[in-house]
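Before any comments, here is the structure.
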Amino acid sequence: MSLDLRNQTTSNSLSLSLPWIRERASMELASFVGRALFVSVFLLSAWQEFNGFGDDGGRAAKSLRPKFNAFVSHVATHTGQQLPPVDMKILVAAAIALKGIGGLLFVFGSSLGAYLLLLHQAVATPILYDFYNYDVDKKEFSQLFSKFTQSLALLGALLFFIGMKNSRRHGRQLRKKAPKAKAN
């Protein structure tokens with residue numbers, strides 16, 4: 001009789017846990033697909049820059065040079081600090097590496113990948129989308145400002161991911177089971 005009761009209890013608890021397992025699996029799949037879609041922006045950009053890299057850094061280095069020079073000038077004017085000279089080929093290669101490696105790690109839920117993408121966004125955003133160098137009435141201002149705010153949204157999503165990852169890890173540490181009292 002007790003054997004039958006145990007089998008019923010086991011089958012009842014198994015049937016209760018299956019929806020939870022299915023829900024968790026679908027959440028993990030949705031999270032993976034979301035990360036893959038999010039990171040596609042970075043990976044496609046890195047692939048495109050890698051394919052056109054060439055001996056001189058490619059088209060990316062050529063278009064980055066005037067933006068970087070304007071940024072250096074802007075920093076020197078407002079802070080009085082002179083930034084060291086940087087080879088555009090190295091800067092583009094670093095951007096490709098940050099986006100490529102960071103993107104691949106991020107797809108699999110790595111915080112390191114998120115930090116690499118965050119570093120890229122924090123450095124590239126004010127250089128590439130220099131709306132502050134244009135008058136508000138100019139067409140370039142609105143285009144660059146729109147791209148700047150989109151880049152800020154990506155930065156915010158990365159910060160959100162890192163915050164959620166850290167809060168989940170911190171929450172697990174707080175919920176450790178208390179030791180069971182010994183029966184005498």
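Predicted model, so just to flag it, every value in this text is computed and none were measured. In this chain, numbering begins with 1 at the start of the sequence shown. Atom set for the values below is all heavy atoms of this structure, side chains included, hydrogens, waters and symmetry mates excluded.
Taken to the nearest 0.5 Å, the OG atom of Ser146 stands 10.0 Å off from the OH atom of Tyr129. How far OG of Ser110 is from CD1 of Ile101: 11.5 Å, rounded to the nearest 0.5 Å. In this structure, Met88 CE and Ile90 CD1 are separated by 9.5 Å, a value rounded to the nearest 0.5 Å.
No hydrogens or angles considered: a donor-acceptor pair under 3.5 Å links the side chains of Ser31 and Arg35.
The two atoms that bring Gly100 and Ala46 nearest to each other are N-CB, 4.0 Å, heavy atoms only. Closest heavy-atom contact between Ser142 and Lys139: OG-O, 3.0 Å. Heavy-atom minimum distance, Asp135 versus Phe141: O-CB, 3.2 Å. Nearest heavy atoms, Ser111 versus Lys165: OG-CG, 3.2 Å. Taking every heavy atom of both residues into account, Lys67 and Ser63 meet most closely at CG-O, 3.7 Å.
A 6.0 Å sphere centred on CZ of Phe160 holds no more than 12 heavy atoms belonging to other residues, nucleotides or ligands. Around atom CD of Gln48, no more than 12 heavy atoms belonging to other residues, nucleotides or ligands sit under 6.0 Å away. Atom CG of Leu155 is surrounded by more than 12 heavy atoms from other residues, nucleotides or ligands within 6.0 Å.
Legend: salt bridge (Lys or Arg N to Asp or Glu O under 4.0 Å) pairs involving residues 90-106, not counting sequence neighbours, sorted by first then second residue: Glu49-Lys99.
Two different hydrophobic clusters hold Val33 and Phe106 under the rule that ILVMFWY side chains link at heavy-atom gaps under 4.5 Å. Linking ILVMFWY side-chain heavy atoms closer than 4.5 Å, directly or via other members, places Leu152 and Leu159 in a single hydrophobic cluster. Taken together through direct or relayed side-chain contacts under 4.5 Å among Ile, Leu, Val, Met, Phe, Trp and Tyr, Ile162 and Met164 form parts of separate hydrophobic clusters. Following chains of ILVMFWY side-chain contacts shorter than 4.5 Å, one cannot reach Leu44 starting from Leu158, and the two form parts of different hydrophobic clusters. Leu37 is connected to Leu29 through a chain of hydrophobic side-chain contacts under 4.5 Å among Ile, Leu, Val, Met, Phe, Trp and Tyr, so both are in one cluster.
Contact of the Leu64 side chain with the Leu128 side chain is registered, since non-hydrogen atoms from C-beta on lie closer than 4.5 Å. Taking the side chain as every heavy atom from C-beta outward, Phe53 and Val92 approach each other to under 4.5 Å. Counting heavy atoms from C-beta outward, Phe38 and Leu154 have side chains that approach closer than 4.5 Å. The shortest side-chain heavy-atom distance between Lys138 and Leu144 does not fall under the 4.5 Å cut-off. Lys147 has its side chain out of reach of Thr125: every pair of non-hydrogen atoms, C-beta onward, lies at least 4.5 Å apart.
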#### Entry: Working for side-chain contact (heavy atoms from CB on, under 4.5 Å), residues Phe32 and Phe108
CA-CA 7 Å; Phe32 177 80; Phe108 297 106; 4.0 Å; yes
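Checking side-chain atoms of Ser45 against main-chain N and O of Val41 turns up no donor-acceptor pair under 3.5 Å. Although no hydrogens or angles enter the test, the distance criterion places a donor-acceptor pair under 3.5 Å between the side chain of Thr79 and the main chain of Val75.
Between Lys89 and Asp55, no side-chain nitrogen of the basic residue sits less than 4.0 Å from a carboxylate oxygen of the acidic one, so the salt-bridge criterion is not met.
A perpendicular orientation is assigned to the rings of Phe145 and Phe131, their planes being inclined by more than 60° (bins at 30° and 60°). Using cut-offs of 30° and 60° on the angle between ring planes, the pair His74 and His78 is perpendicular.
In this structure, the ring of Phe148 has its center no less than 6.0 angstrom from the ring center of Tyr132.
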Using residues 114-122 as the side-chain source, report each donor-acceptor pair under 3.5 Å to any protein atom, sequence neighbours left out, with the distance given to one decimal.
unit_1: Gln121; atom_1: NE2; unit_2: Ser151; atom_2: O; d: 3.4
unit_1: Gln121; atom_1: NE2; unit_2: Ser151; atom_2: OG; d: 2.7

